[in-house]
Amino acid sequence: MRQTRASLLATLGEDYIRTAEAGGLARRRIVLVHAMRNALAPVTTVIALQVGALMSATVITETIFTLPGMGTLIVNAIFSRDMPIVQGAVLVVVAFVLAVNLLTDLIYAWLDPRITY
């Protein structure tokens, strides 16, 4: 919420917002259509980075609370030196993080059509 608020406040101070206000657009339309789309780019970046951090935190959380899951599977496989299981589980985690990064890039392209890949 803080990131969204700070980004939106910075965007509302831009010249194109003042131009839209001078053109007679309603304040609600300016904020929701023009400012919010540009303010969501940094928020999307933070959310994507937090997904990676959450995936790494599952190992610790599942180990502490003895919950069955991917983190527990990885830890048990490391302790028993079961390398195919470790490689497979890490591959699944990496594929998930890559999918989130791809989704983030697609969201960037949707938020700002000037961005091309």
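Rounding to the nearest 0.5 Å gives a distance of 10.5 Å between OG1 of T104 and CG of L111. Rounding to the nearest 0.5 angstrom, the gap separating the CG atom in L9 from the OG1 atom in T4 is 10.5 Å. Rounding to the nearest 0.5 angstrom, the gap separating the CG atom in L106 from the OG1 atom in T44 is 11.5 Å. How far CZ of F96 is from CG of L54: 9.0 Å, rounded to the nearest 0.5 Å. Taken from OG1 in T61 to CG in L67, the straight-line distance is 8.0 Å, to the nearest 0.5 Å.
Grouped with M1 in a hydrophobic cluster is no other residue, since no side-chain heavy-atom contact under 4.5 Å to another Ile, Leu, Val, Met, Phe, Trp or Tyr is found. Clustering of Ile, Leu, Val, Met, Phe, Trp and Tyr by side-chain heavy atoms under 4.5 Å joins L91 with none of the others. As a member of the Ile/Leu/Val/Met/Phe/Trp/Tyr network built from side-chain separations under 4.5 Å, F79 groups with V59, V75.
The two residues T11 and A35 have their closest heavy-atom pair at CG2-O, 3.6 Å. Nearest heavy atom pair, residue P42 against residue Q3, reads CB-NE2, 3.7 Å. The heavy-atom pair separating E62 from M70 by the smallest distance is OE1-N, 3.4 Å.
Partners of I47 under the side chain to side chain contact (heavy atoms under 4.5 Å, CB included) rule, at least two apart in sequence or in another chain, are V43. Scanning for salt bridge (charged side-chain N to carboxylate O under 4.0 Å, His left out) contacts around R18 gives D15, with sequence neighbours left out. Residues forming a side chain to side chain contact (heavy atoms under 4.5 Å, CB included) with L103 (at least two apart in sequence, or on another chain): I107.
When hydrophobic clusters are built by joining Ile, Leu, Val, Met, Phe, Trp and Tyr residues whose side-chain heavy atoms come closer than 4.5 Å, directly or via intermediates, L73 is grouped together with I78. The hydrophobic cluster containing F65 does not contain M55, counting ILVMFWY residues as joined when their side-chain heavy atoms lie under 4.5 angstrom apart, directly or transitively. Criterion: ILVMFWY side-chain heavy atoms under 4.5 Å apart, direct or through other members. Under it, V97 and L49 are not part of a common hydrophobic cluster. Note on L25: it clusters hydrophobically with L8, by side-chain heavy-atom contacts below 4.5 Å among ILVMFWY residues. Clustering ILVMFWY residues whenever any of their side-chain heavy atoms sit less than 4.5 angstrom apart, transitively, puts V94 in the very cluster that holds I74.
At least one side-chain heavy atom of I30 sits less than 4.5 Å from a side-chain heavy atom of I17.
For residues 76-98, the set of pairs meeting the side-chain hydrogen bond (donor to acceptor under 3.5 Å, both in side chains) definition, not counting sequence neighbours, is empty. The side-chain hydrogen bond (donor to acceptor under 3.5 Å, both in side chains) pairs that include a residue from residues 24-43 are Y16-N38, E21-R27, where partners are two or more places apart or lie in different chains.
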